[in-house]
Asker: 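Got a structure here, written out as structure tokens. Questions coming.
Order of listing sets the numbers, starting from 1, for every ligand and every atom in it.
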Amino acid sequence: MSTTGTTTESNFSAESYYATQPPPSNLDQEVRNVRDFVRKHVNAGRNVVLVTSGGTTVPLELNVVRFLDNFSAGTRGATSAEYFLKAGYAVIFMHRQFSLQPFSRHYSHSTHPFLDFLEIEQDGSGGGNSPLRIDVTEKERAPLLEVLTSYKNAHTAGLLHTLTFVTVNDYLWLLRAVSQELAVLGRRALYYLAAAVSDFFLPRQKMSEHKIQSGKGSLHIEMDQVPKILKPLVSEWTHGQAFIVSFKLETDPSLLVPKAQQALARYGHQVVIGNDLHTRKHQVVFVSPSADKDGKYVEAWIRMDPSQDSIKEIEEDIIVELARRHRTWIDLAIS
Ligand code: PAZ
């Protein structure tokens with residue numbers, strides 16, 4: 001690709017990215033819907049959190065047959081969205097299409113399929129010809145009622161707004177557009193960036209139009225780096241007002257804290273939550289700038305006993321702690 005506004009051939013700034021990569025076709029409508037949602041909750045004096053969740057794809061062809069993807073199922077994001085609702089937030093849940101969603105995640109396909117606990121019963125009134133009805137097994141009734149009640153309450157009160165992305169390009173365009181809409185909330189906006197976003201992509205200008213043919217032997221693809229959009233998110237799109245929490249995933253645990261510190265130094269936001277691929281359901285580390293503003297960082301671990309898995313989810317403690325820190329962030333502007 002030639003240097004169409006890029007700093008080098010393989011190094012897009014955020015600005016050059018948006019100038020050269022096309023927006024998703026439904027962006028304007030999505031933005032209007034977010035605007036309505038935000039306006040409603042600004043008027044109600046409610047804090048709003050943007051939760052991003054799931055992995056992004058990187059298409060290799062314009063008529064896409066093949067794409068790169070990653071492991072993220074969206075468990076962290078979907079679970080956290082429920083606890084944010086419980087904490088009184090209005091939630092914009094921006095997730096990868098078909099990844100886990102708040103509430104329905106409890107009954108996801110292979111782990112806990114809902115068909116397994118539904119029963120078909122004969123309505124007793126009309127003998128053998130009486131209509132059939134569906135019932136829930138005794139054991140599952142109470143937990144389902146709890147999940148269903150929370151789901152209905154969130155929807156009836158209009159507290160949960162859902163947005164969908166598939167590609168890293170969809171994600172980048174949506175994130176910028178949503179953050180511009182959330183700017184009216186100032187400090188009352190919280191960003192919880194749990195999506196696993198690709199670090200590399202293939203610019204449209206480099207993509208093959210049609211399915212890449214296999215006849216030529218091995219395949220060499222050089223990808224460009226996805227621009228580091230946390231920087232403009234923090235300083236431009238949110239004007240340094242929003243409380244921004246990003247996630248850092250590593251597979252070498254010794255990198256977690258240093259990489260989290262590096263991100264804070266580079267982007268200037270409030271918290272990086274570090275998690276290791278293999279232990280992420282049982283422990284995370286909060287890394288944040290020290291309150292003394294001395295250029296140092298503090299770390300705080302949240303740990304759970306893995307044997308407590310079925311009783312408690314780590315996201316419950318993560319969200320309690322973040323809601324507390326977010327309140328302090330809001331109060332700082334008032335005092
Ligand atoms: O979606 P999931 O529950 O399977 O995994 C969550 C996670 C590990 C993707 C998330 O906690 C995270 O660390 N996201 C950021 C990844 C990164 O860009 O480093």
Side-chain angles (χ1 to χ4, degrees), residues 49-58 68-84 91 93-106 108-112 162 164-168 170-172 174-175 190-201 223 225-231 233-234 244-264 266-267 269-288 299 301-304 306 309 312-319 321-322:
V49 59
L50 171 69
V51 175
T52 70
S53 182
T56 59
T57 68
V58 178
L68 297 186
D69 203 350
N70 65 54
F71 72 96
S72 172
T75 312
R76 176 81 81 219
T79 310
S80 302
E82 285 180 27
Y83 288 108
F84 274 120
V91 177
F93 183 65
M94 184 174 136
H95 73 105
R96 162 75 179 276
Q97 187 183 37
F98 307 134
S99 66
L100 293 178
Q101 294 210 44
F103 308 113
S104 67
R105 73 179 172 100
H106 295 274
S108 77
H109 36 90
S110 52
T111 50
H112 196 197
T162 298
T164 306
F165 60 82
V166 177
T167 67
V168 63
D170 298 342
Y171 175 90
L172 293 173
L174 265 180
L175 181 62
L190 194 158
Y191 288 71
Y192 185 82
L193 306 174
V197 181
S198 174
D199 287 322
F200 303 100
F201 80 112
M223 296 203 160
Q225 225 184 351
V226 169
K228 305 289 182 198
I229 42 85
L230 257 177
K231 188 138 192 89
L233 175 73
V234 174
I244 297 182
V245 181
S246 69
F247 276 77
K248 176 67 70 187
L249 175 79
E250 292 296 340
T251 54
D252 174 352
S254 71
L255 291 179
L256 270 186
V257 172
K259 292 292 285 286
Q261 291 178 348
Q262 206 179 77
L264 290 171
R266 198 172 280 168
Y267 309 122
H269 57 303
Q270 285 68 45
V271 183
V272 176
I273 300 182
N275 52 179
D276 172 82
L277 181 66
H278 306 292
T279 59
R280 68 189 193 279
K281 299 210 161 122
H282 306 123
Q283 59 174 31
V284 298
V285 58
F286 280 44
V287 184
S288 47
E299 54 184 275
W301 288 85
I302 295 183
R303 291 196 170 93
M304 287 197 21
D309 257 8
K312 187 166 177 180
E313 297 170 307
I314 194 167
E315 287 78 6
E316 183 174 351
D317 287 353
I318 295 177
I319 277 55
E321 175 59 15
L322 286 180

Asker: So how far is it from Ile229 CD1 to Leu175 CG, rounded to the nearest 0.5 Å?
Answerer: 4.5 Å

Asker: Mind checking whether Glu250 contacts ligand 1 via backbone (N, CA, C, O), side chain (CB onward), both or neither, at a 4.0 Å heavy-atom cut-off?
Answerer: neither

Asker: For atom 12 (C) of ligand 1, what is the closest protein heavy atom, and at what distance to 0.1 Å?
Answerer: Phe247 CB, 3.6 Å

Asker: For residues Val166 and Phe98, determine if any side-chain heavy atom of one lies less than 4.5 Å from a side-chain heavy atom of the other.
Answerer: no

Asker: Which residues satisfy the ring pair (Phe, Tyr, Trp, His ring centres under 6.0 Å) test with Phe84, sequence neighbours excluded?
Answerer: Tyr89, Tyr192

Asker: For atom 19 (O) of ligand 1, state which one of Asp199, Leu249, Thr79 supplies the nearest heavy atom.
Answerer: Leu249

Asker: Using every non-hydrogen atom in the two residues, find where Phe165 and Gly54 come nearest and quote the distance to one decimal.
Answerer: CZ-O, 4.1 Å

Asker: Specify whether His269 and Tyr267 have parallel, tilted or perpendicular ring planes, treating 30° as the upper limit for parallel and 60° as the lower limit for perpendicular.
Answerer: tilted

Asker: Which protein heavy atom lies closest to atom 7 (C) of ligand 1, and at what distance to 0.1 Å?
Answerer: Ala194 O, 4.1 Å

Asker: For a quick test of reading the model, state the closest non-hydrogen atom pair linking His95 to Gln101 and the distance between them.
Answerer: CE1-NE2, 3.6 Å

Asker: With atoms numbered from 1 as shown, which atoms in ligand 1 lie under 4.0 angstrom from a non-hydrogen atom of Lys248?
Answerer: 19 (O)

Asker: Heavy atoms only, cut-off 4.0 Å: how does Thr75 contact ligand 1, side chain, backbone, both, or neither?
Answerer: both

Asker: Out of Ser72, Gly274, Ser99, indicate the one that has the non-hydrogen atom closest to atom 1 (O) of ligand 1.
Answerer: Ser72

Asker: Return the residue, atom name and 0.1 Å-rounded distance of the protein heavy atom closest to atom 11 (O) of ligand 1.
Answerer: Asn275 OD1, 2.7 Å

Asker: Could you tell me whether Ala73 and ligand 1 have an N or O pair separated by under 3.5 Å?
Answerer: yes

Asker: At what distance is the nearest protein heavy atom to atom 5 (O) of ligand 1, and which residue and atom is it?
Answerer: Arg280 NE, 3.3 Å

Asker: With rounding to the nearest 0.5 angstrom, report the CG to CG distance, Leu249 to Leu255.
Answerer: 11.0 Å

Asker: Of all the non-hydrogen atoms in the protein, which one sits nearest to atom 6 (C) of ligand 1, and at what distance?
Answerer: Arg76 CB, 3.7 Å

Asker: Is atom CZ of Phe71 surrounded by more than 12 heavy atoms (other residues, nucleotides or ligands) closer than 6.0 Å?
Answerer: yes

Asker: Is Ala195 in contact with ligand 1, taking contact as a heavy-atom separation below 4.0 Å?
Answerer: yes

Asker: Do any N/O atoms on Leu193 end up under 3.5 angstrom from N/O atoms on ligand 1?
Answerer: no

Asker: Could you please spell out the steps behind the salt bridge (charged side-chain N to carboxylate O under 4.0 Å, His left out) verdict for Arg105 and Glu315?
Answerer: CA-CA 14 Å; Arg105 73 179 172 100; Glu315 287 78 6; over 6 Å; no

